[in-house]
Amino acid sequence: MILEHVLDQIAPGRKPCEFFDLIGGSGFGGITALLLGRLQLSIPEAMNALQDLILKVWVMDNDDWTVDSRTEEFERQIERVLNKYYHYSQPRLLSPQACGSMVLANSPSNMNAKIPTPFTTYHRRIRPPAPHLTVNQAIRATTSHRLFFHDLVISEGPVIQSSYFGTDYANGNPTAAVFKDFQDIWPDDAIGCIISIGAGNPGPFKLDSSTPDTYLESLLSLCEDNEKYHLLNRKLFENTVDLNSSQSIPYFRFNVDHGLERRPPGDTAFIPDIRASVNKYLELVQTDKLIDDLCLRYGVERVVRQMPDIEESL
């Protein structure tokens, strides 16, 4: 919703894949990055596809679900959604013709470094993607919460196997990785801007140790807070001079302040709440100022939505 509002102002009528060179994400943001970049969907199409997948996989009202059955259902639903919106159930991840897309996943063998593994639709100088990987596997890797799903296991030869799971427990903010890949792919090009959209402010942290379950929930909330990485990125870009433009890197961060806190699995009321919280965020003065700065950056006139006359609305 935020991206749709922003693009309406700076690039009306264009899909994200027609405006951005690289799109990255993790978790639900990773699914969105693949839908918009690799599959080149419009924002309304991507929102419908993501909501379709969430309601079928994450909002499950069944006490009989096990990790095995959840994982099997997840993989079935990924194929169904891809076939419905892309008309192919297992598209290859690697696609140089598509808009560059990246999703992040964790490897249990490299948790100490807190460096996630990128899955990309393009060739990388370091750790290029395997040609046989599918979009389905990238979705599984970036969203597989270990409490609900099995890790994604990928065979990298007759003996070697690697496993991956979602970025709930480490850096899930892809901005720095996308920035580095842009520099590697287009070293002679200036960066137009970097737009980062967060998953919502988790709010003040409170450690609740009254029961083992609440204690675990508190720790998970702490691990999933990616705002610290936004602050690190902001400092990085403020202190980095783009050699092709002789200016600091233009960085724009959008993140809903309230209303997107962690929800318990099975909470079906979250979608209307998300829409209400995002709409309220877009009405804030500081959000409006960010969009004004973006319009100024691209030399476009801000689109002002005029309220209809009272007589016309009656």
Side-chain angles (χ1 to χ4, degrees), residues 1 3-4 7 13-60 68-105 117-124 127-145 148-157 161-167 174 177-178 181 185 271:
M1 291 176 65
L3 182 59
E4 184 175 36
L7 280 189
R14 297 172 68 181
K15 296 193 292 186
C17 64
E18 299 168 341
F19 182 78
F20 295 105
D21 294 301
L22 292 178
I23 303 175
S26 64
F28 292 150
I31 300 177
T32 304
L34 292 171
L35 294 173
L36 296 175
R38 169 61 182 87
L39 305 185
Q40 302 182 351
L41 300 184
S42 66
I43 293 178
E45 289 171 332
M47 289 173 64
N48 287 335
L50 182 61
Q51 181 174 316
D52 195 352
L53 189 60
I54 289 173
L55 291 176
K56 288 292 192 299
V57 178
W58 275 270
V59 184
M60 292 178 172
D68 286 339
S69 59
R70 277 182 180 272
T71 302
E72 291 173 3
E73 183 65 15
F74 189 13
E75 292 174 347
R76 280 195 295 268
Q77 293 300 333
I78 291 173
E79 288 193 11
R80 182 189 62 81
V81 167
L82 290 177
N83 194 54
K84 178 179 179 181
Y85 293 93
Y86 188 64
H87 309 298
Y88 187 54
S89 61
Q90 291 195 354
R92 290 289 177 90
L93 179 64
L94 190 63
S95 178
Q97 291 77 31
C99 172
S101 309
M102 169 196 289
V103 301
L104 299 181
T117 300
F119 287 66
T120 62
T121 63
Y122 50 88
H123 287 287
R124 305 180 77 242
R127 192 181 173 84
H132 64 276
L133 287 179
T134 64
V135 172
N136 311 52
Q137 290 173 307
I139 291 175
R140 277 272 284 112
T142 193
T143 55
S144 287
H145 196 302
F148 304 109
F149 306 106
H150 289 302
D151 293 357
L152 172 72
V153 179
I154 297 176
S155 297
E156 299 181 357
Q161 288 188 328
S162 300
S163 61
Y164 301 94
F165 59 94
T167 53
V178 171
D181 275 10
I185 298 170
I271 291 178

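Reckoned from all heavy atoms, side chains included, excluding hydrogens, waters and symmetry mates.
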Are the side chains of [Y] and [X] in contact, using a 4.5 Å heavy-atom criterion?
X	Y	answer
V135	S95	no
K84	D52	yes
L39	L82	yes
I23	T32	no
L34	L93	yes
F20	L7	yes
N48	Y85	yes
F74	R140	yes

Considering all heavy atoms of both residues, which atom of [X] and which atom of [Y] are nearest to each other, and what is their separation?
X	Y	value
G25	A33	N-CB, 3.9 Å
A105	A141	CB-O, 3.5 Å
I43	P16	CG1-CG, 3.6 Å
P91	N136	CD-OD1, 3.8 Å
L152	Q137	CD2-O, 3.1 Å
G24	V178	CA-CG2, 3.9 Å

In Å, rounded to the nearest 0.5 Å, how long is the span from [atom1] of [X] to [atom2] of [Y]?
X	Y	atom1	atom2	answer
R70	S144	CZ	OG	12.0 Å
I31	I54	CD1	CD1	7.0 Å
S89	N83	OG	CG	5.5 Å
Q97	Y122	CD	OH	15.5 Å

Test item: [X] side-chain N/O and [Y] main-chain N/O as donor-acceptor pair under 3.5 Å:
X	Y	answer
T71	H150	yes
K15	L41	no
E72	S69	no
T121	S101	yes
S26	L104	no

Without hydrogens or angle criteria, can the side chains of [X] and [Y] be said to hold a donor-acceptor pair below 3.5 Å?
X	Y	answer
R124	T120	no
S42	E45	yes
Q77	R80	yes

According to the interplanar angle, ranging from 0 to 90°, do the rings of F119 and Y164 count as parallel (below 30°), tilted (30 to 60°) or perpendicular (above 60°)?
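Aromatic pair F119/Y164 classed perpendicular.
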
Tell me every residue that passes ring-ring contact (aromatic ring centres under 6.0 Å, His included) with F28, counting only those two or more places apart in sequence or in another chain.
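So F28 forms a ring-ring contact (aromatic ring centres under 6.0 Å, His included) with W58.
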
As a quick check of understanding, evaluate side chain to side chain contact (heavy atoms under 4.5 Å, CB included) for R38 and Y86, giving each step before the final call.
CA-CA 10 Å; R38 169 61 182 87; Y86 188 64; 3.3 Å; yes

Working for side chain to side chain contact (heavy atoms under 4.5 Å, CB included), residues L133 and R92
CA-CA 6 Å; L133 287 179; R92 290 289 177 90; over 6 Å; no

Let me see the working for I78 and V57 under side chain to side chain contact (heavy atoms under 4.5 Å, CB included), right down to the final yes or no.
CA-CA 9 Å; I78 291 173; V57 178; over 6 Å; no

Going through the distances and angles, do R76 and E79 end up as a salt bridge (Lys or Arg N to Asp or Glu O under 4.0 Å)?
CA-CA 5 Å; R76 280 195 295 268; E79 288 193 11; over 6 Å; no

